[in-house]
There are 2 protein chains.
Amino acid sequence: MRDSLFQLSQSDQTSLQSQVRKMIVSAILGGQLPRNEPVPSSRRLAKSLGVSRNTVVLAYQGLVDDGYLLPRERSGYFVNEQMIGRGPDLQNQEPVEISPTAVSWQSRLKKHPARQVNVGKPKDWQSYEYPFIYGQVDHQLFPMAEWRECARQALGRKWLDAWTSDAREDDDPSLVEQVRTRLLPRRGIMASEQEVLITLGAQNALYIIASLLVSQSSVVGIEDPGYPDMRNIFRLRTQHLRLLPLDTGGLQIDSRLDDCDIVFTTPSHQSPTTVTMPMERRVQLLEMAARHDFLVVEDDYEFETNYLSDPTPALKSLDRDDRVLYVGSLSKTLFPGLRLGYLVGPRAIVKEARALRRLMVRHPPSNNQRNAALFLALGHHDALINRLHRTYRDRWTAMAGALEKWLPHYGKAPSFGGTSFWVQGPDALDADILAAQALEQGIIIEPGRIYYSDAIAAPRNYLRLGFSSIETGKIEPGIKALSKLIHRN
Amino acid sequence: MRDSLFQLSQSDQTSLQSQVRKMIVSAILGGQLPRNEPVPSSRRLAKSLGVSRNTVVLAYQGLVDDGYLLPRERSGYFVNEQMIGRGPDLQNQEPVEISPTAVSWQSRLKKHPARQVNVGKPKDWQSYEYPFIYGQVDHQLFPMAEWRECARQALGRKWLDAWTSDAREDDDPSLVEQVRTRLLPRRGIMASEQEVLITLGAQNALYIIASLLVSQSSVVGIEDPGYPDMRNIFRLRTQHLRLLPLDTGGLQIDSRLDDCDIVFTTPSHQSPTTVTMPMERRVQLLEMAARHDFLVVEDDYEFETNYLSDPTPALKSLDRDDRVLYVGSLSKTLFPGLRLGYLVGPRAIVKEARALRRLMVRHPPSNNQRNAALFLALGHHDALINRLHRTYRDRWTAMAGALEKWLPHYGKAPSFGGTSFWVQGPDALDADILAAQALEQGIIIEPGRIYYSDAIAAPRNYLRLGFSSIETGKIEPGIKALSKLIHRN
């Protein structure tokens with residue numbers, strides 16, 4: 001038996017016991033272990049790997065329990081023949097030939113979503129000194145222990161059904177209850193169970209809405225600049241996008257809305273400018289919607305981050321016509337990798353959205369729904385919001401001060417909180433070039449051009465500076481470094 | 001302070017400490033606790049609830065850590081004023097009035113998925129004596145402890161990025177690697193990273209394929225009887241469904257395929273009849289596809305459950321034209337609530353599928369991807385398949401014997417394994433009526449009519465009897481009870 005098969009990897013992050021297990025399993029499934037010899041003794045393997053003998057003993061014991069190894073008295077452990085070579089035998093695969101009858105796929109595609117332009121950010125953003133990045137999780141603020149404890153409880157045997165079952169089109173009722181009774185009322189919204197659908201993040205809710213309500217002839221009003229993924233979702237369905245300009249009160253309410261079938265808006269914090277739509281304008285928008293009979297989709301993606309003043313209630317809370325579809329997200333308070341959001345609307349549409357979601361994904365994973373429900377029920381989410389607000393307020397103040405001090409001639413959109421600043425540089429600034437240079441200096445900033453519908457004609461002098469994932473103490477040095485870079489040019 | 005606010009619920013399944021925490025949090029957020037008095041002492045509350053004092057002390061300590069309670073020396077714990085009344089105040093909500101300008105939603109909908117007919121099964125199936133149900137998890141067979149241990153590791157701090165981040169369009173590379181090197185080769189498929197996309201279950205893969213490749217004018221070939229969700233997905237897009245009849249070798253290869261643009265098939269175990277397409281016919285299907293230039297979607301939903309004879313390699317493994325899109329699932333071996341599956345196809349289509357998935361859901365939840373990757377890497381999945389095969393073989397044998405003994409005049413489709421039998425009753429049988437009567441006797445069976453494209457004209461005398469979730473010992477008594485019911489009629 002070749003001990004050389006077995007080596008621990010430096011980069012493997014699992015426990016040593018797990019690593020030992022993985023090695024042996026791979027070798028068994030791959031047919032690399034002989035049938036008539038015992039595997040190395042725990043003492044020998046432990047020595048050759050430089051781990052404690054106990055680690056190997058425990059790993060072997062687990063492999064016996066699972067039928068990979070069979071103990072033979074006084075001879076050690078032998079490979080269970082039934083398991084040998086069940087794994088992939090990569091060497092035996094024939095090389096794939098190119099065939100004259102091969103399919104030309106491009107001509108078959110009815111859509112080409114991969115050709116759309118979209119936001120891309122460095123994947124290893126954590127390794128940058130000054131990550132003014134938007135929409136990621138701050139490791140320092142995430143309540144790791146509480147989440148794990150909820151996961152432990154949610155995965156309990158008594159709830160096995162709740163987290164393993166195929167629920168078909170149903171949501172976890174405990175999560176719906178938390179959304180209804182704990183999240184929505186904070187935004188002034190009252191909704192029954194039949195008016196709420198759990199989605200795979202806010203984006204999934206937007207996609208479902210577009211699938212149900214937008215056809216080739218639909219006229220869709222969108223904010224410009226606005227959220228690129230949303231624009232791309234609509235563009236797959238219609239050519240008739242009405243681009244709606246913004247001012248310091250967000251979406252402008254004027255005759256451009258008249259012939260829209262549906263209008264998409266982010267009133268609480270406009271994406272990406274962060275401006276908040278004042279109450280009078282919200283009322284005006286709803287009146288206009290009633291007069292011209294268009295629908296409104298409210299994307300409340302940042303939920304409630306108006307920590308600088310009183311939170312404005314959601315547009316949906318003012319809606320007496322069942323004209324507003326409300327979209328919420330847990331990505332900004334929990335974490336975006338969880339993919340949990342929700343859609344609130346009249347029963348008729350939620351029923352159809354549920355049927356469509358069944359075909360699309362069935363339902364968001366049951367284990368995550370239960371986990372999040374527990375986290376909310378135990379008050380961890382409210383405690384987290386409180387902590388986030390305190391931290392964001394500090395960071396917002398640090399950002400505002402640093403920008404004033406180091407980039408005094410740069411304009412800022414009026415902000416009511418949120419997790420980013422929308423900054424206007426001098427006309428001559430090319431933010432794409434600046435962002436590339438900044439990245440080399442360890443500073444992540446986001447050029448604003450991508451948020452405009454026409455990225456070619458768009459102004460090139462806007463920046464988005466996120467502060468949800470940068471330590472407060474790093475903010476001023478980061479802005480200072482950015483300013484130095486700008487003035488060097 | 002009213003102790004009566006606090007009562008433990010009999011039905012709450014969380015730990016006592018969690019229940020105490022939930023009660024206090026609700027009362028604080030709801031503004032139901034006074035500001036100037038301490039909360040009940042741990043001794044008093046423990047006594048009134050009938051729990052140990054330590055339980056209350058630990059719950060209080062957690063609430064202090066999270067800022068809900070503030071300790072005051074020698075006076076006990078006080079509510080943190082900042083948290084009071086932050087929760088919903090349901091009483092203050094105005095009733096919603098019906099408005100004359102209210103929207104008529106039905107007229108706005110471009111699709112009506114909720115009007116489609118679909119499979120429905122009892123949600124409380126676990127409480128039935130004889131659950132011949134299909135597609136759910138058997139609590140006895142699920143490796144709970146191993147899954148939880150993987151979850152514990154996957155949620156570790158060192159992997160915080162991997163499970164919390166917004167990965168945009170990316171999959172977890174460790175799960176892609178497991179699918180490529182451990183799952184696909186078992187089906188004879190070799191695929192590069194760029195040829196694999198992780199999806200929210202097999203159904204999500206089918207939905208994405210339909211979105212990319214089917215338009216109003218597309219002719220789609222589907223098996224009849226076949227999988228209703230798949231039929232519904234296609235029906236939302238095209239009226240041109242070519243219904244393809246089956247025989248004991250599955251899909252019949254004849255001129256009905258000629259003008260199809262795309263053909264959907266389940267060659268390993270036809271759904272719902274369980275028949276396996278023989279090798280010659282697979283070759284024939286691919287030749288026909290090349291000749292008439294249609295695409296093939298292979299739904300390998302039961303992965304590898306040919307435990308009765310050698311597994312047949314996937315159709316995809318024979319494909320030299322990049323003409324087959326392969327869809328796999330972890331729902332039948334792990335659990336359906338997890339919603340993990342995969343799509344394998346040529347790079348060009350996987351790239352577009354990835355871009356579309358980004359708009360639809362971004363990506364399957366990161367924590368679940370990492371958890372499943374670890375479960376696979378540690379060999380738990382292979383061990384589970386082994387265990388399932390042994391159990392399914394026993395159950396299959398028990399089913400075959402019981403059907404032979406108690407319903408000898410009923411026909412069975414030839415079976416090569418799988419997790420269900422497709423049974424043909426006498427012409428006079430109405431399986432819908434039988435299923436309803438059986439349910440009253442604690443027997444869950446599935447009438448077969450729903451699987452036919454035209455549920456009105458379909459034969460009413462077919463049954464699907466699943467055995468993935470019924471104990472082996474219950475099988476004969478269950479079939480006997482069913483037989484008694486049938487002969488009573």
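All chains are named by letter (A, B, ...) in the order of the sequence lines, taking the proteins before the strands, and each is independently numbered beginning at 1.
- Per-residue heavy-atom pair counts under 4.5 Å with chain A were compared for B:N232, B:D293, B:L340, B:L63, and the maximum is reached by B:D293.
- Taking CD of B:Q203 as the reference point, atom CG of A:D166 lies at 8.5 Å (rounded to 0.5 Å).
- At distances below 3.5 Å, at least one donor-acceptor pair connects side-chain atoms of A:R148 with backbone N or O atoms of B:R152.
- Interface remark: B:S218 contributes side-chain atoms only to the contact with chain A (heavy atom separation under 4.5 Å).
- With a 4.5 angstrom heavy-atom cutoff, B:A167 does not touch chain A via any of its atoms.
- With a 4.5 angstrom heavy-atom cutoff, B:L236 touches chain A only via side-chain atoms.
- By the side-chain contact (heavy atoms from CB on, under 4.5 Å) test, A:E169 is found to be paired with A:R354, A:R358, residues two or more places apart in sequence or in another chain being considered.
- The CG atom of A:N386 sits 10.0 Å away from the CG atom of B:D66 when rounded to the nearest 0.5 Å.
- With a 4.5 Å cut-off on non-hydrogen atoms, B:R237 touches chain A through its side chain but not through its backbone.
- Here CD1 of A:I28 is found 10.5 Å from CG of B:D382. Values are rounded to the nearest 0.5 Å.
- Between the side chain of B:R362 and the backbone N or O of A:R339 there is no donor-acceptor pair closer than 3.5 Å.
- Contacts of A:E352 with chain B are made by both backbone and side-chain atoms, with heavy-atom separations under 4.5 Å.
- When heavy atoms are compared at a cutoff of 4.5 Å, B:L376 does not approach chain A at all.
- Residue B:Q116 touches chain A through its side chain alone, counting heavy-atom pairs closer than 4.5 Å.
- For a residue to count as touching a neighbouring chain, one of its non-hydrogen atoms must lie under 4.5 Å from one of that chain's; by this rule A:E146 touches chain B with the side chain only.
- Chosen from B:A151, B:G156, B:G379, B:P364, the residue pairing most often with chain A at heavy-atom distances under 4.5 Å is B:G379.
- Residues A:T164 and B:L338 form no side-chain contact, since every pair of their non-hydrogen atoms from C-beta on lies 4.5 Å or further apart.
- Both the backbone and the side chain of B:R323 come within less than 4.5 Å of a heavy atom of chain A.
- With hydrogens and angles ignored, the 3.5 Å screen pairs a side-chain donor or acceptor of B:Y68 with a backbone N or O of A:A383.
- B:R108 has no carboxylate O lying under 4.0 Å from a charged side-chain N of A:D261, or vice versa, which leaves the two without a salt bridge.
- Neither the backbone nor the side chain of B:S317 has a heavy atom closer than 4.5 Å to any heavy atom of chain A.
- For the pair B:I233/A:M360, no side-chain contact is recorded, criterion being any heavy-atom separation below 4.5 Å from C-beta on.
- For the atom pair CG of A:L359 and NZ of B:K111, the computed distance is 10.0 Å after rounding to the nearest 0.5 Å.
- In this structure, CD in A:Q17 is found 9.5 Å from CG in B:L378, a value given to the nearest 0.5 Å.
- The OG atom of A:S215 lies 11.5 Å from the CG atom of B:L109; values are rounded to the nearest 0.5 Å.
- Heavy-atom contacts from other residues, nucleotides or ligands closer than 6.0 Å to NZ of B:K351 number 12 or fewer.
- Contacts of B:N368 with chain A are made by side-chain atoms alone, with heavy-atom separations under 4.5 Å and no backbone atom involved.
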